[in-house]
Structure formats: C-alpha cells, structure tokens
Amino acid sequence: MADIIQLLPDHVANQIAAGEVVQRPSSVVKELIENAIDAEASIIKLIVKDAGKTLVQVIDDGKGMSVTDARLSFERHATSKIRTADDLFQLQTKGFRGEALASIAAIAHVELKTKQLQDEVGTSIVIEGSNITSQDVVVTPKGTSISVKNLFFNIPARRNFLKSNAVELRHIIDEFHRVALAHPNISFLFYNNGSEIFNLPVSNYRQRIVNIFGGKTNEKLVPVSEDTEVLKIAGFVGKPEFAKKTRGEQYFFVNDRFIKSAYLNHAIGSAFDGLLKNGLHPSYFLYLTVNTQSIDINIHPTKTEIKFDDEHTMYALLRSAVKHSLGQFNIAPVLDFERDPNLDTPYSYNQKEINIPPAIEVDRTFNPFIEDYKSGKQITAFKKQTINNWDSLYVGLESKGTKTEQDFSEVHFESNNNSESLFDDNKLDTVQTTYQLHNKYIVSTIKSGMMIMDQHRAHQRILYEDFLENLTVKGASSQQLLFPLLLHFSKQEIEIIKQLKEDLEHTGFIFSNVTNETIEITGVPISIPESEVSIILEQLISDVENEVPDSNFSVTDLLAKSLAKSLAIKNGQPLKKSEQEHLVNSLFACKEPNVSPTNRTTFVTMSVDELDKKFI
Ligand code: ADP
Ligand code: MG
C-alpha cells in the first residue's frame, strides 16, 4: 500500500496550534501584552473594540524588531527568547514557545508596525490567515504596534462559540488585571470602544492593586513577606472581614507570571482557618520568587500552570507566612486561657429573647394574613426577632399589605394548581400544622398526606416573584436612610451598577451620587436591612459577572434572582410555628411554587398511601 502520512502545511499546523493558544479575544490580549513586556516596554496601551471580537491592539514603546525579525516573528517556533532546551529552565521572559504570533496570524487579520530605536524607519506587515499580503517601510514611533482584527474570521465555529461582549470583556479585564498586577513598574492604558477603562501609572505593588481595585482596597490589605533560600514571598492578603463570596481577587504570581494553583490556594485557605465564615474566600495578591531552575513552566500552552520541584515546601512556607502576617497584624483570634468557659453563655441562649413569657408556646390558629386584615395594620407580631434577614420574610407580605381575607382564600384556589388537591381548604386554619426539621425543612400536613418544604428555596421563590413584580409592574416602596450610605467599588463594578441602576431603582434603591469609585445610596428597599446592602450589591455584581448570557438573558430576572438569593432565610435558621405557616402559605400563593428561581425543587409530598406501603 502507498505511504499515506504527510507533513501538514504550515498554515494548517498553525491553525491547530491556535486552537490551544487562542481560545478567545482575551488570549490574544495576554499574548500581545506579554510580548510587549518581554520587549522591555515602559508604557503599554491596549485598545479593544467589541470586547476584542473586532479589534485587539497592543502598542508598546519597547525595543521593536528589525525587518527580518518582523517577518520571522510570524513563523512557527520562531523566537528570540530561547536557543537551547537548557534555556527552558533559565527563563526570564514570558514567552518562549514562539508560537503566539504564528497562531494569531493563522486565524485573524493582523497588522504589525515596528521600529527599533536606532532605525530611521520601521516595518509594516499585513498578514491574514497566515498569508502575508503586504510588507512596507513605514514611519512609526519606536516600539511595536500589533492589531488583531476579526478574530476567528476563517473558523466560524470558533467565532460562534464566543460569548456575549460582556462576558468576553470580562475575560479581557481578568487577563489585563493579571499582567498589570504583576508589573507595577510598567504603565498601562486600556481603552474599550473608545472609552478609557484603566490608566495605571508606574507604581509599587500596593498602589497598583489599589489603582485597579479601588481606593477602599488599601485598608483591606495585610502585607505578607518572607525570605528563605528557596522562596521569597511578597504581597498582601485581604483581611478576613473583607472576604468575598466569590473567588474573585485571588492572585499568585511566580517570577512575575500569573499562575493558577489549587494546591497553593489551599495553603492560603488553611492559613485563614477559623477566621472565615463558611463559604467565604480570602483575597490575596502574592508574589513568589523562586529559582528558575526549580520550576517547569512548559507544562501547558497558556503557561498558567507550573510545576514546582518541591511543592510541599512551597505549601508550608506560604501557609506559615500568611498565618504569621495575620497574627502579627492582630487579625487571628488570640486564645484566652484566663477565661472560664463555664461563664460563657451558651450560643443558643445569646439568641433567645428574654421577655417572651415561657408559657405561651405557639398559637396554632394564628394566621398572619387574617390578623393583618382584621387589625388593618402591617404585621408586627414577630418583628422583634433579632435573627439576620428576618425582616425579609415579610417582603411578600408587606407589598401585598392590602390583601383581604377574600384574597387569601382565592390564592389557594386560583394561583396554585396544586392547592386544591394539596390542602383541605376548609380546615386550613385549624388543622394544618407545621413542624421544622433540622432548621431546614418545614413539614406540613396536607389533605393527601404530608409535604416537606426546603425553607431556603421556598423563600427564594417567594421573594423572587415579589421582586419580579416590583421590577416589572409597580415600583417598590423604599426606606429613606437617615445618613447616606457611601460604598466603594472598583471601576468595573461601578460600570455594572450603572447598567443596573434603573432596575435597582425599581426595587426601591435610591442612588444620590455615582462616581468612578463610589456610590452614595440614600434609600433602600424596605426589605433590605441597611447593614446588608453592600453584601447584597457585591453578590449581585458577581452574579452579573458570572452569568453567561444566552438569548433569553434578562437583567431584571437576574436582579430578582440575585436579591432573592441574598435575602432568603438560610437553612439552619430556626423558625417559629407561625413563621413556618406563613412561609408555606406564601409559597403556595406563588405562580410557580414547585421550583426555586434556579429551578430546584422547593417541596416534595408523600401521600398516606405511600406511607402505608412503607409499613407493609
Ligand atoms: P515568543 O514570545 O514565545 O517568543 P511570539 O510568537 O509571541 O513568541 O513572538 C515571536 C517573536 O517576535 C518574539 O520572540 C520576539 O522576538 C518578537 N516579538 C513579538 N512581539 C514583539 C514586540 N511587541 N516587540 C518586540 N519583539 C516582539
Ligand atoms: Mg510571545
């Protein structure tokens, strides 16, 4: 049989390589900025249009390229950075594989302009899908400008795979943060669709972090510093009280290169042991310097993972350095041996209300709706409750404050498909009893047997529908704050808030002033305690950032979901009988009581028949 193996033509090989190196516009941003850094630029300008889908341009004032180098730079495996395999273990540069420009030129329209300091004129090259279409002599400043247009123009499948501009821009900003944080000695400018997003002057690490994440960041940072023979650590961790629900601001740099490491992340986590509430993540900006011989960067094409010779030592050193800093700055709790633990009030007692007469247990016939109707007042019966988020349970109630007894019974017949079969309506007030299981599930008797409801999900559903109604149909009432609330955010977080401002105002927020870094709030929705506002907005921003918008993406919907998620009573929260009943009733007044806003089951039922079978 004839030989069938052939060498692939270069442009095909380049396209294959591009699949690994260039996943999205942000990969182009990363590669071009890294090249500019390797060229020893002192000012780097990044210009993107349509989140990089139309244009990514990087202009640097670095050393530029000669005519021959300019041409060669687009060849695969063409690099000025290493010569022998040994050099792989002495790397001082970001790049070394010599495949970025070749890969990018295989899948986009690329224009290069470059000039070295000593030359009078520079070189311009246009290359499209690996074909050089023109090469000219040009007048251009010292340094290099590379424009990458119409990314994936020749691979429609990849182009279609790109996410919305908001998501792609988010990736670019992430990539930009990573390089900018690693190189405070370089000035960076970043424009998107003509507007300036970042203008970062030369500074030190701390100022760079603050310039990127906003003025308020400064007071959150605890310095970390350690110098051993194998590892030097510099940088900062965020104070525990500023820990976030999302893993946003977590950065490791090894020899000025951003890397991902779940293992080292764990080291930081364990240094924070006991200092963070469950589900919160510390922020950190840690700059590690190690001997180049002790790491291998060449294990992944995007070079964000590296292999350490001695990972265990890294882990131990990092953990102890962070622990030490937290201790030194009085952040870790101090053990107090003098104190007699017997004198401490048990936790559960702290929460108890003192002036509730112990004799009154629960009024089983109490129904908040009916009470409301008869007295004509807002429900205040349980407002004394001190548990967090408590007021929020009444969100549904307060906005429906005009409901009559008539409405109440209608609710059970009309808006709930299951209600007719589920509850024995005549006996509802007297017979329906609830029981809270493990502070998590509400068990309730229904006509056919019993129902078990997840309190957190159910409440999310109730709040979600309520917010949605406020957002789309009527404005919610808001509660004026005595003193305006000034909150600090980073620039891009402010951008997100600006986008959501109008919708937020429908929920009851009143913004008096929005600047580049701060927002001033003079009114909040009645359902939101003032102390929770910043955490709720933070959650909302991270939800918006993480949402991958599809065709039916709706900001209003996301906002309602996010607020409902933040405000819903949590699992683990004890509820009084009347509160449990109220929750059950409100859930079944919802349009879609069966699932939470994120499509999770809110309750399950078990009929007496099913139970009978279990006892056979
Ligand atoms: P690598 O960075 O791995 O060497 P690239 O494909 O990114 O590979 O770049 C190829 C070569 O082109 C580099 O080694 C460098 O010599 C040259 N080059 C690329 N970008 C620039 C730039 N902005 N300034 C000067 N030289 C550059
Ligand atoms: Mg490179």
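No experiment lies behind these values; they were computed from the predicted model shown. As the structure lists them, so they are numbered: ligands from 1, and atoms in each ligand from 1.
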Going by the side-chain hydrogen bond (donor to acceptor under 3.5 Å, both in side chains) test, name the single residue among Gln57, Lys113, Lys115 that passes it with Ser145. Gln57
Within the 4.0 Å heavy-atom cut-off, what Ala39 brings close to ligand 1 is side chain
Give the ring-plane orientation class for Tyr251 versus Phe258, where under 30° counts as parallel, over 60° as perpendicular and anything between as tilted. perpendicular
Identify the closest protein heavy atom to atom 16 (O) of ligand 1: which residue and atom is it, and at what distance? Ser80 OG, 2.5 Å
Just wondering, are more than 12 heavy atoms of other shown residues or ligands nearer than 6.0 Å to NZ in Lys491? yes
Can you tell me which residue and heavy atom of the protein come closest to atom 2 (O) of ligand 1, and the distance to 0.1 Å? Lys81 NZ, 2.7 Å
From the options Ile59, Ile37, Leu101, select the one whose nearest heavy atom is closest to atom 6 (O) of ligand 1. Leu101
Is it true that the side chains of Asp310 and Ser294 contain a donor and an acceptor less than 3.5 Å apart? no
Out of Asn35, Ile33, Thr79, Thr114, who is nearest to atom 9 (O) of ligand 1 when you count heavy atoms only? Asn35
So which bit of Asp69 gets within less than 4.0 Å of ligand 1, heavy atoms only: side chain, backbone, both or neither? neither
Ranked by distance from atom 23 (N) of ligand 1, the top protein heavy atom is Asp60 OD2, 2.9 Å
Judged by non-hydrogen atoms, does Lys63 sit under 4.0 Å from ligand 1? no
Just to verify, which of Lys498, Lys244, Lys216 counts as forming a salt bridge (Lys or Arg N to Asp or Glu O under 4.0 Å) with Glu493? Lys244
side-chain contact (heavy atoms from CB on, under 4.5 Å) between Val237 and Phe285, worked out: CA-CA 6 Å; Val237 291; Phe285 309 86; over 6 Å; no
Heavy atom of the protein closest to atom 10 (C) of ligand 1 (residue, atom name, distance): Ala78 O, 3.5 Å
